[in-house]
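Down below is the structure, laid out as C-alpha cells.
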Amino acid sequence: MATIKEVAKKANVSVSVVSKSFNNYKDVKEETRQRIFAVAKELNYTPNINAKNLSSKKQMTIGLISSGVLNDNVKDSNAFDIFKGVYRAVADSRFDLSINLIDSKRQKQQSYVQYCRERNIGGAILQGIRTDDPYYKELIDTSLPCVVLDIMNESENGMIGSVSIDNAKAAEEIMAYLLERNHRDIVIMAGTSETYVNKERIKGVEEALRSRDLKLADLPVLEADFSEERAYLLAKKHLQKERPTAFLCFSDLMAIGVMKAVKETGLKVPEDISITGFDDLIFCSYTEPALTTIRQDFIEIGKSAAMLLQAIKENKAANHHVWIEHQLMERDSVKTLSG
C-alpha cells in the first residue's frame, strides 16, 4: 500500500496538503484536492483516520464516551437521542466523531487520558459518568478538552465544560406540583446517591418542602439505582406496609416500575396513588394513565455538548456550562386531593 509521502510526491504537493485534503480543510483548492484524490486512487492509498492529523497539532476526532449504556433498560432512549444530537452538531464540521462505550470496571483498567490517546481522541463528551467514577476524578487535572453531561462544571480547569438542565429547579417544580395538589404523604423514589443528578434532585425536593415548612426527613426516600425492576420491588415492599398518596420518581423508568407495583397491589393510578417521573421518555404519553413528568431535550443536550466542546478546543467558549431548558409535562397520573 502506498504512503502519504508517495501520494504527495506524485501529486506534486506537500504531505500537509494531502492530509488537509482528506480532512476537508477549506484552504485547499478543489482542483488540487481532486488531483490528490485521483493519485491516491491510482496508488491504492487509504488515509489512516486514526493517525494524528499531520497538518495541525490539534487532533480532529471528537469522542463520545458513554458509560453504562449497555446496562440500561431497553425502554431508555435518552442515550440514543444524545448520540443524535452530537452527530447533528458534528456532521457539518471538520471534526470526526468516534462513539465509545465503557463501564466503571473498564475505567479502572485504563486511564481517561490513555483511553483517548490510543483512539486519537482530541476532545471528548462524557455521558453517564458518576461522581465516584475513575474518569470523573481524572477530569480535574486533564489537559484534554472535554464536556461532561449532567454534572455541573465547578472546576477552574478551562479545558472542562458541562451541559445539563437545572436538575434542582426541575425537581423543585415537580415536587411543588404534588404539594399544590395537597399531597403530603409522598414517597421519593430516588436513583443512586453517588450521581450528581440525584444529589441535585434531592436538593430541589428539599427546597420545595422547605418553602412550605415541611422536611425531607419526614418522607421515605428509597434508592432504586434508576432501575425499573428495583423500583418495582421497593414500591411493592413499601405498599405492603404503608399506602402513600403519591410517588415522586427521579426517572421515568422507575415510575413505570412503581406503576406496575401499584396496579399489582390492586390499587389504581391516579385514583388511589399518584405517580410522577423524570425525563419524558418516548413511552410516557402512551402509558395508562399517561405519565406526568419532567421533559429533558436530550437531542439538544447532545448538540450543545458537541458545540461547546468545539468552542473549548478553539478557545472560543464564553461560558463553560450550558443550561438546557426543561418542561413540566402535565398528563394524567396525578390526582388533586381535597384540601
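Source: prediction; values computed, not measured.
- Side-chain atoms of Ser19 never come within 3.5 Å of backbone atoms of Val15 as a donor-acceptor pair (strictly under, hydrogens ignored).
- Ser164 has its side chain out of reach of Val322: every pair of non-hydrogen atoms, C-beta onward, lies at least 4.5 Å apart.
- For the pair Asp185 and Arg243, the salt-bridge criterion is not met [side-chain N within less than 4.0 Å of a carboxylate O].
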Distance-only donor-acceptor hits, side chain of residues 212-219, under 3.5 Å, sequence neighbours excluded:
{"residue": "Arg212", "atom": "NH1", "partner": "Ala208", "partner atom": "O", "Å": "3.1"}

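- Here the closest non-hydrogen pair linking Ile165 and Glu325 is CG2-O, 4.3 Å.
- At a threshold of 4.5 Å between non-hydrogen side-chain atoms, the residues Asn78 and Gln296 do not count as touching.
- Heavy atoms only, all atoms of each residue included: Phe250 and Ala190 are closest at CD2-CA, 3.6 Å.
- Ion pairing between Lys203 and Glu206 fails under the 4.0 Å rule for side-chain N and carboxylate O.
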Steps toward salt bridge (charged side-chain N to carboxylate O under 4.0 Å, His left out) verdict (Lys9, Glu6): CA-CA 5 Å; Lys9 182 178 181 180; Glu6 291 171 327; over 6 Å; no
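- Connection of Leu337 to Ile275 is not established within any shared hydrophobic cluster, with ILVMFWY side chains joined at heavy-atom distances below 4.5 Å, either directly or through further cluster members.
- No donor-acceptor pair under 3.5 Å is formed between the side chain of Thr265 and the backbone N or O of Leu267.
- Side-chain atoms of Ile174 and Leu328, non-hydrogen and from C-beta on, do get closer than 4.5 Å to each other.
- Under a hydrophobic-cluster definition in which Ile, Leu, Val, Met, Phe, Trp and Tyr are linked whenever side-chain heavy atoms come within less than 4.5 Å, directly or via other members, Phe247 and Tyr232 are assigned to different clusters.
- Ser162 contributes no side-chain N or O that, together with a main-chain N or O of Leu149, makes up a donor-acceptor pair within less than 3.5 Å.
- Residues Ser193 and Asn198 have side chains that never bring a donor and an acceptor to within less than 3.5 angstrom of each other.
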Criterion salt bridge (charged side-chain N to carboxylate O under 4.0 Å, His left out) on Glu173 and Arg201, from CA distance to verdict: CA-CA 10 Å; Glu173 287 178 15; Arg201 291 171 193 176; over 6 Å; no
Can you give the donor-acceptor pairs under 3.5 Å from side chains of residues 252-263 to other protein atoms, not counting sequence neighbours?
{"residue": "Asp252", "atom": "OD1", "partner": "Phe278", "partner atom": "N", "Å": "2.8"}
{"residue": "Asp252", "atom": "OD1", "partner": "Thr293", "partner atom": "OG1", "Å": "2.7"}
{"residue": "Asp252", "atom": "OD2", "partner": "Asp280", "partner atom": "N", "Å": "2.5"}
{"residue": "Asp252", "atom": "OD2", "partner": "Leu281", "partner atom": "N", "Å": "2.8"}
{"residue": "Lys263", "atom": "NZ", "partner": "Glu288", "partner atom": "O", "Å": "2.4"}

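- Listed for the Asp272 side chain is a donor-acceptor partner under 3.5 Å among the backbone atoms of Lys268.
- Grouping the Ile, Leu, Val, Met, Phe, Trp and Tyr side chains by contacts below 4.5 angstrom, directly or via other members, places Val86 with Phe95.
- Smallest separation of non-hydrogen atoms from Gly161 and Leu308: CA-CD2, 4.0 Å.
- Side-chain contact check for Gln310 versus Ile62: some heavy-atom pair is nearer than 4.5 Å.
- Cluster membership check: Ile125 does not share its hydrophobic cluster with Met307, using side-chain heavy-atom separations under 4.5 Å among Ile, Leu, Val, Met, Phe, Trp and Tyr.
- Counting heavy atoms from C-beta on, the side chains of Asn167 and Asp150 come closer than 4.5 Å.
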CA sep, side-chain torsions, deciding dist, call: Gln34, Glu30, side-chain hydrogen bond (donor to acceptor under 3.5 Å, both in side chains): CA-CA 6 Å; Gln34 293 304 320; Glu30 187 59 28; 2.6 Å; yes
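- Side-chain contact between Ile301 and Asp297 is absent, with no heavy-atom pair separated by less than 4.5 Å.
- Contact detail for Gly158 and Ile312: the closest heavy-atom pair is O-CG2, 3.7 Å.
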Verdict with reasoning, Glu42 to Lys10, per salt bridge (charged side-chain N to carboxylate O under 4.0 Å, His left out): CA-CA 10 Å; Glu42 179 186 342; Lys10 184 154 188 177; 2.5 Å; yes
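- No continuous path of hydrophobic side-chain contacts links Met329 to Leu248 [ILVMFWY only; heavy atoms under 4.5 Å].
- Open room surrounds CG on Asn12; 12 or fewer heavy atoms of other groups in view lie less than 6.0 Å from it.
- Across every non-hydrogen atom of Leu179 and His183, the tightest pair is CD2-O, 3.3 Å.
- Contact detail for Ser21 and Phe37: the closest heavy-atom pair is O-CZ, 3.6 Å.
- The ring pair (Phe, Tyr, Trp, His ring centres under 6.0 Å) pairs that include a residue from residues 293-325 are His321-Trp323, where partners are two or more places apart or lie in different chains.
- Between Gln127 and Ile65, every side-chain heavy-atom pair lies at or beyond the 4.5 Å cut-off.
- Test Ser333, Cys284, Ser274 against Thr292 for side-chain contact (heavy atoms from CB on, under 4.5 Å) and you get one pass: Ser333.
- Side chain to side chain, Ser98 and Asp96 fail the donor-acceptor criterion of an N or O pair below 3.5 Å.
- Contact check for Thr245 versus Ile273: no side-chain heavy atoms found under the 4.5 Å cut-off.
- A salt bridge links Lys236 to Glu264: one of the charged nitrogens lies within less than 4.0 Å of a carboxylate oxygen.
- A donor-acceptor pair under 3.5 Å is absent between the side-chain atoms of Arg230 and the main chain of Phe226, judged by distance alone.
- Annotation: Lys169, atom NZ; neighbour count of heavy atoms from other residues, nucleotides and ligands within 6.0 Å does not exceed 12.
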